[in-house]
Amino acid sequence: MGVRGIRGAITVSENNSEEILQATRELADQIIEQNQITPDQVAAIFITVTHDLNADFPAKAIRAIRNWELVPLMCSNEMPVPGSLEKCIRIMMLVNTDQPIDGIRHVFLREAKRLRPDLVSRNS
C-alpha cells in the first residue's frame, strides 16, 4: 500500500467564518466521497488559504466531521503570487491506498476550477 496525495480547492465570496467553514466542509466531503476515504486511511491533511482569508481556521470544519477529529490537520497560508486566485482554500490529503495514481479523483469547485482544468475535465 502506498501514500497518495489528493488535491482539492474551493473559493469563497467573503472572508467570514461561516463561509470558510462551509466551503471547507463541502470540499472535504467531496474529496472523501469521490475517493471513498475513511479516517483510518488518512496520514495527514494540509490546508492552505490565500492571504485574504483569516476569519477562521478551515481545519475546524474537518475536525467537526464525525470520526475525523483525530486526523492530523495543519493550516497554512498559500504563497501570495501576484495575479493568483483570491479567496481560495486548498486541501492536500495524504491517503494510504492501493488506488493507482490515475484512479485518484482530485476536486476543484467554484472558481478554483481554473487552477487545474485538466483535472476537472478528467474527473467529469
### Query
Rounded to the nearest 0.5 Å, how far apart are CD1 of I47 and CD1 of I20?
11.5 Å

### Query
Can any side-chain N or O of H106 pair as donor or acceptor with the backbone N or O of I6 at less than 3.5 Å?
no

Residues 66-80, side-chain donor-acceptor partners within the protein, below 3.5 Å, at least two apart:
unit_1	atom_1	unit_2	atom_2	d
E69	OE1	N67	N	3.2
E78	OE1	T48	OG1	2.5

### Query
Is F46 linked to I104 within one hydrophobic cluster, defined over Ile, Leu, Val, Met, Phe, Trp and Tyr using a side-chain heavy-atom separation of less than 4.5 Å?
no

### Message
I need the minimum non-hydrogen distance between L53 and E14, along with the two atoms involved.
### Response
CD2-O, 4.3 Å

### Message
Holding to side-chain hydrogen bond (donor to acceptor under 3.5 Å, both in side chains), I want the full list of residues that pass it with S17, two or more places apart in sequence or in another chain.
### Response
D56

### Message
If I take atom CD1 from residue I10 and atom CG from residue L27, how far apart are they, to the nearest 0.5 angstrom?
### Response
5.5 Å

Compile the donor-acceptor pairs under 3.5 Å between side chains in residues 29-37 and protein atoms, sequence neighbours left out, one pair per line.
unit_1	atom_1	unit_2	atom_2	d
D29	OD1	R25	NE	3.0
D29	OD2	R25	NE	3.2
Q30	OE1	Q34	NE2	2.9
Q34	OE1	R105	NE	3.2
N35	OD1	R105	N	2.8
N35	ND2	I31	O	3.1
N35	ND2	R105	O	2.7

Report, one line per pair, each donor and acceptor closer than 3.5 Å where one atom sits in a side chain of residues 87-101; sequence neighbours left out.
unit_1	atom_1	unit_2	atom_2	d
N96	ND2	Q41	O	3.2
T97	OG1	Q99	N	2.9

### Query
Who passes side-chain hydrogen bond (donor to acceptor under 3.5 Å, both in side chains) against D52, sequence neighbours left out?
T50

### Message
Is it the case that the side chain of S84 and the backbone of V81 share a donor-acceptor pair, with hydrogens and angles ignored and the cut-off at 3.5 Å?
### Response
yes

### Non-hydrogen atoms of P58 and V49 that approach each other most closely
CG-CG1, 3.7 Å

### Query
Can you get from I65 to V42 by hopping between Ile, Leu, Val, Met, Phe, Trp and Tyr side chains that sit under 4.5 Å apart?
yes

#### Entry: Those residues that, when tested against Q22, pass side-chain hydrogen bond (donor to acceptor under 3.5 Å, both in side chains) (two or more places apart)
E26, R110

### Message
Nearest 0.5 Å, please: how far is CD in E86 from OG in S13?
### Response
12.5 Å

### Task
Look up atom CZ in F108 and atom CG in D118, then write down how far apart they are to the nearest 0.5 Å.
8.0 Å

